Amino acid sequence: MGKLIDENGIRLDGRKLDELRPVKIEVGVIKNADGSAYIEFGQNKIAAAVYGPREAHPKHISLSDKAIIRCRYHMSPFSTEERKPPQPTRREIEISLVLRRAMECAIFLEEYPRSIIDVYVEVLQSDGGSRCASITAVSAALADSGISMRDLIVGCAVGKADDQIILDLSDKEDKEGQCDMPVAYMPNLDKITLLQFDGVFTEEEFKKAIDLAIVGNKKVYEILKKALTEKYFKTGEEK
Ligand code: ADP
C-alpha cells in the first residue's frame with residue numbers, strides 16, 4: 001500500500017487516479033476590470049483581472065506591430081499555511097513569465113498594435129496546481145474582456161505518486177509525490193501552451209501523463225465554457 005494512494009487506487013482526498021478536484025468558475029466578478037474571473041480549483045481560490053488593451057506607457061515599451069502583455073501572478077500573504085512574505089518571490093516571477101508566454105500563444109496580439117494588456121492574478125488560497133488554475137482563470141477573464149483569441153486556454157497538472165500516474169495533484173501530492181507536470185492546453189487547436197516538469201518519468205509514463213493531462217484539460221474546458229455561457233445569459237437577463 002502506498003503513502004498517497006491506497007490498494008484500491010484511491011487517493012488521500014478520496015479521488016480516483018484520473019479525477020479532477022471540484023472546479024467552480026465565475027466570470028465578471030471585478031467591476032473595475034475590463035474582464036475578470038474567479039476560480040476555485042480544489043482548495044485553490046484565485047481571482048484574475050484583465051485591463052486593456054490600452055495605450056502603452058511609457059511609449060518606448062510599446063511595439064509598433066502588436067500588443068504587449070504584462071502579467072503579475074501574486075500570492076497573498078495569507079494564501080499559504082506559513083505566511084508568505086508580501087514581496088515577489090522567484091517562484092511568483094517565474095509563474096508570471098510562464099503565464100504570459102502561454103497567453104501570447106492564444107491572443108491575436110497583432111490586432112492591438114502599440115497597446116498593452118495588463119493581467120493580474122491574485123491567489124487568495126493555494127493548494128497545489130495554482131499556475132494551472134490561474135491560466136484557466138486568466139483565459140476566462142480575457143474572454144470576458146472581449147480580447148480576440150485563437151482559442152481559450154485551460155490548465156491542469158498531471159504527475160506521479162506511488163508509481164502511478166495521477167491527474168490534478170493536490171498540494172500534498174505535489175510535495176510528496178514523485179513527479180509534477182503542469183500542462184496548459186488550447187482545446188480547439190489541440191495545442192499545448194505551457195508545459196513544465198519536475199521529477200522523472202519513463203517515456204511510456206510521459207506519454208500516458210500527456211494523454212491524461214489532455215483528458216483533464218478537456219473536462220476543465222467544459223466547465224469554463226459553461227461559466228462563460230452563464231455570464232452571457234445573465235447579462236442578457238439584466239438588460
Ligand atoms: P503550483 O501552485 O503551480 O503547483 P508549485 O508547484 O511551485 O506551484 O507550488 C505548489 C504549492 O506549494 C502551491 O500551490 C502552494 O500551495 C505551495 N506554496 C508555494 N509557495 C509557497 C510558499 N512561499 N509558502 C508556502 N507554500 C507555498
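Both ligands and their constituent atoms are indexed starting at 1 by order of listing. As the structure is a prediction and not an experimental result, all values here were calculated from the model.
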Open item on the list: Geometry only, no angles: is Gly128 polar-contacting ligand 1 at N/O separations under 3.5 Å?
Closed with: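 Between Gly128 and ligand 1 (N or O atoms, distance only) the closest approach is under 3.5 Å.
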
Task: Asp174, any N or O under 3.5 Å of ligand 1 N or O - done: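 Yes, Asp174 has an N/O under 3.5 Å of an N/O on ligand 1.
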
Task: Identified side-chain hydrogen bond (donor to acceptor under 3.5 Å, both in side chains) counterpart of Tyr185 within the set Asp190, Asn217, Thr136 - done: Asp190

Taking [X] first and then [Y], would you say they form a salt bridge - that is, a charged N and a carboxylate O separated by under 4.0 Å?
X	Y	answer
Arg72	Glu92	no
Arg100	Glu104	yes
Asp118	Arg54	yes
Glu94	Arg101	no
Asp168	Arg15	yes

Task: atom 16 (O) of ligand 1: the protein heavy-atom neighbour that sits closest, reported with distance to 0.1 Å - done: Ser126 OG, 2.7 Å

Task: Residue and atom name of the nearest protein heavy atom (relative to atom 3 (O) of ligand 1), distance in Å to one decimal - done: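 Checked against all protein heavy atoms, atom 3 (O) of ligand 1 sits closest to Arg131 NE, 2.8 Å.
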
TODO: Test Arg21 against every option in Asn44, Leu167, Leu169 by the side-chain contact (heavy atoms from CB on, under 4.5 Å) rule and name the one that passes.
DONE: Asn44

Open item on the list: Distance under 4.0 Å to a non-hydrogen atom of Asp171: what atoms of ligand 1 satisfy this?
Closed with: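 Close to Asp171: 11 (C), 12 (O), 16 (O), 17 (C).
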
- [ ] Considering the heavy atoms of Asp180, write down every atom of ligand 1 situated less than 4.0 Å from one of them.
- [x]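 Close to Asp180: 6 (O).
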
Open item on the list: Any atom of ligand 1 sitting under 4.0 Å from a heavy atom of Lys84?
Closed with: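 The answer is yes, since Lys84 has a heavy atom less than 4.0 Å from ligand 1.
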
- [ ] Examine ligand 1 and decide if any of its atoms is less than 4.0 Å from a heavy atom belonging to Gly129.
- [x] yes

- [ ] Report the member of Lys175, Gln43, Arg91 with the shortest heavy-atom distance to atom 13 (C) of ligand 1.
- [x] Arg91

TODO: Tell me which one of Thr89, Ile46, Thr80 gets a heavy atom nearest to atom 22 (C) of ligand 1.
DONE: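 Minimum heavy-atom distance to atom 22 (C) of ligand 1 goes to Thr80.
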
